[in-house]
Amino acid sequence: MRVAAIDQGTTSTRCLLVDEAAGEARVVASQRHSQHHPAPGRVEQDGEELLRNIRAVLQAAGPVDAIAIANQGESCLAWDRVSGAPLSPVIVWQDARTAGALAALGAAAEVRSKAICGLPLDAYFSAGKFAWLLAELTEVAAAYEAGRLRLGTTDAFFLDRLCGSFVTDIATASRTGLLDIATGRWSPELCALHGVPIECLPEIAAVDAGFGSLDGTPVKVSIVDQQAALYGHGCRRPGDAKITFGTGAFLLAVTGDERPAPSDLLPTVAWRRTGEGTVFAIEGGVYDAGAALDWARRIGLYAEPSELDGFEGPSALGRGLVFVPALSGLAAPYWDRQAAPLFIGMDAATGRADMVRAVLEGIAMLTVGLIEAAALSVGSIATVSIDGGLSQSAYFGRFLAAASGRAVLVPAHHEMTSLGLAELCGADVASLRVPARRFEPDGSVTGEDYARFAEAVGKSRGWRRF
């Protein structure tokens, strides 16, 4: 089987060609796309550009037996049911424009949201974005009045335009804030809470239900990117955990076939395959991981990836230099969109390399909080498997192992989202899922370090007002 696995991510669209017979997987094409920031806290993309990039990377793959697509998760838009034309930009998961409106819904509404879908009323999720589109864009409101409106996460838009299937998978649906996680259906109560017309939302299906065909090739799988990566890492048993370091950093840990108990992290659907029961997970995120490094590069703190390794001497944190990577606010367990990024502890001897090191350590330290919270829910987590751009930094892997007190595994093949897609299509990828590096905890991160970082996070919180 030859599978074209499309990872439509926050900053780029990549195609991994998985050839089961040859036992190989290679990236055949990658296309970056634009991000727009029309106002503070706002992040948008062009849905038509994303579609063009999907088609371009697929063309580079050549003839395949199956196509699988991973999506960004909570990013969403509105489009016309008849023409298929977007009626809005894609509002990206990082976007914070709905924070104030969601807060105004009140504590009781948040309690109901958590009870039904498991998610807080945070701008991260799609529900508030849908409400904003209907309230603020006349084109969207007019399409609704005319019976032509479709609302969905980006996967539903892609499948509608590419295959003629107005469908989303259950894992992606669980990221909207509108799914009744107990029934696997849209919640009329949550749709009413947010003012989202339930009839404008897509059908919900299993992740491998089959979503039509594109130019004669079946699109077999569609799933949110983080859950695809969880599958790609081979996580199947309760307690198996992975962290993907992309634009953000996202931990998922398998909990089993029952909805996770309430905790500081979020219950989510990991996947549901055709003819099988739902597998659940808990999820926690850091909004800015690769995004924080991109920012550090843009302002001149470093230029090449090689500068993310080779540090000597005590850690920046151990020397009192701390960075809190809250450019988009703080996600789990804080849910504070008003938190601001900060450097603290600099002196006249602080150089760019010190600051880059502090950025790496700050991302790791926020991630440690997710690991600890996950362990409280699923029991012991002895090892954590990581992928994404940051996983290629040996310094980052060593520091994360030291800070978390757990072994950190870095697979030889780091396109784990795409491997998960291919395996969900039925391809055998076992030979490709081989850990190449293992970092063991060394006790170098002390109690004083944890306290110093926690104090810096406290100073970061609540700083901004939108």
Side-chain angles (χ1 to χ4, degrees), residues 8-13 30-53 71-79 86-103 122-140 151 153-154 157 175 225 245-250 285-303 323-331 334-343 359 362-363 366 388-390 460-466:
Q8 201 298 293
T10 307
T11 59
S12 69
T13 302
S30 179
Q31 294 275 342
R32 292 187 69 85
H33 54 258
S34 300
Q35 287 210 25
H36 309 285
H37 303 270
R42 297 192 177 189
V43 189
E44 298 178 352
Q45 295 168 356
D46 180 346
E48 294 286 5
E49 182 184 11
L50 301 185
L51 272 175
R52 288 194 299 271
N53 288 351
N71 67 81
Q72 299 178 31
E74 302 77 11
S75 301
C76 60
L77 71 160
W79 65 100
L87 299 170
S88 74
V90 174
I91 303 181
V92 180
W93 57 269
Q94 297 164 300
D95 191 285
R97 74 184 67 186
T98 63
L102 290 169
D122 189 82
Y124 177 27
F125 307 109
S126 312
K129 298 177 174 66
F130 291 142
W132 187 92
L133 291 172
L134 280 159
E136 299 295 331
L137 299 186
T138 56
E139 299 91 336
V140 175
L151 296 168
T153 41
T154 54
F157 175 65
R175 312 305 302 155
D225 53 4
F245 292 95
T247 301
F250 296 96
V286 174
Y287 289 136
D288 299 292
L293 283 173
D294 285 344
W295 168 80
R297 179 183 49 79
R298 288 199 309 272
I299 66 171
L301 294 183
Y302 77 102
F323 177 68
V324 179
L327 284 84
S328 303
L330 291 170
Y334 309 101
W335 302 112
D336 184 357
R337 286 287 188 165
Q338 295 176 343
L342 63 80
F343 277 106
V359 171
I363 296 166
L366 282 185
L390 264 172
S460 162
R461 298 194 63 189
W463 182 261
R464 291 184 286 203
R465 297 291 183 271
F466 291 113

**Side chain T154, main chain C76, donor-acceptor under 3.5 Å** = no
**Prompt:** Do you know the tightest heavy-atom contact between T98 and G128?
**Reply:** CG2-O, 3.4 Å
**Asked** Can you tell me if E49 uses its side chain to pair, donor with acceptor, with the backbone of S34 under 3.5 Å?
**Response** yes
**Prompt:** Rounded to the nearest 0.5 Å, what separation is found between the OG atom of S88 and the CG atom of L137?
**Reply:** 6.5 Å
**Prompt:** side chain to side chain donor-acceptor pair (under 3.5 Å) with D336: which residues, sequence neighbours excluded?
**Reply:** R461
**Complete:** Taken to the nearest 0.5 Å, the spacing of Y124 OH from R175 CZ works out to 5.0 Å
**4.5 Å side-chain heavy-atom contact, P341 and V324** = no
**Minimal non-hydrogen separation, G73 against N71, with atom names** = N-OD1, 2.7 Å
**Message:** On a heavy-atom basis, which atom in A289 and which in L390 lie closest, and how many Å separate them?
**Reply:** CB-CD1, 4.2 Å
**Asked** Judged by atom type as modelled, is there a donor-acceptor pair below 3.5 Å linking the side chain of S328 to the main-chain atoms of Y287?
**Response** no
**Request:** Give the C-alpha distance, both sets of side-chain angles, the deciding distance and a yes or no for side-chain contact (heavy atoms from CB on, under 4.5 Å) between L293 and Y302.
**Result:** CA-CA 9 Å; L293 283 173; Y302 77 102; 3.7 Å; yes
**Asked** Does Q94 reach the side chain of E74, with side-chain heavy atoms less than 4.5 Å apart?
**Response** no
**Asked** Do the side chain of Q338 and the main chain of W463 share a donor and acceptor less than 3.5 angstrom apart?
**Response** no
**Asked** Can you tell me how far CD of Q35 sits from CD of Q45, rounded to the nearest 0.5 angstrom?
**Response** 5.0 Å
**Asked** Is the distance between the ring centroids of F245 and F250 under 6.0 Å?
**Response** no
**Prompt:** Nearest 0.5 Å, what's the CG-CH2 distance between L133 and W79?
**Reply:** 11.0 Å
**Request:** Report the residues that fulfil side chain to side chain donor-acceptor pair (under 3.5 Å) with T10, sequence neighbours left out, ordered by chain and then residue number.
**Result:** W93
**Prompt:** Is the shortest heavy-atom distance from the side chain of F157 to the side chain of L50 under 4.5 Å?
**Reply:** no
**Message:** Once you measure the plane-to-plane angle for F323 and W295, does it fall in the parallel (<30°), tilted (30-60°) or perpendicular (>60°) bin?
**Reply:** parallel
**Message:** To the nearest 0.5 Å, what is the distance between NE2 on H33 and OG1 on T11?
**Reply:** 6.0 Å
**Message:** Within the 4.5 Å heavy-atom criterion, are L77 and L151 side-chain neighbours or not?
**Reply:** no
**Request:** Taking all non-hydrogen atoms of both residues into account, name the closest pair between A326 and S460 and its distance.
**Result:** CB-OG, 3.9 Å
**Asked** Are L366 and L330 close enough that some pair of their side-chain heavy atoms sits under 4.5 Å apart?
**Response** yes
**Request:** Identify the two heavy atoms, one from A292 and one from P325, that lie closest to each other, and give their separation to 0.1 Å.
**Result:** CB-CB, 4.1 Å
**Item:** Q72 and Q8: side chain donor to acceptor below 3.5 Å
**Value:** yes
**Message:** Quick check for you: to the nearest 0.5 Å, what is the distance between D294 atom CG and I299 atom CD1?
**Reply:** 11.5 Å
**Message:** If I compare all heavy atoms of V140 with all of L87, which pair ends up nearest, and what's the gap?
**Reply:** CG2-O, 3.9 Å
**Request:** Kindly say whether S30 contributes a backbone atom to a donor-acceptor pair with the side chain of S12 at under 3.5 angstrom?
**Result:** no
**Asked** Do K129 and D95 meet the salt-bridge criterion of a basic N to acidic O distance under 4.0 Å?
**Response** no
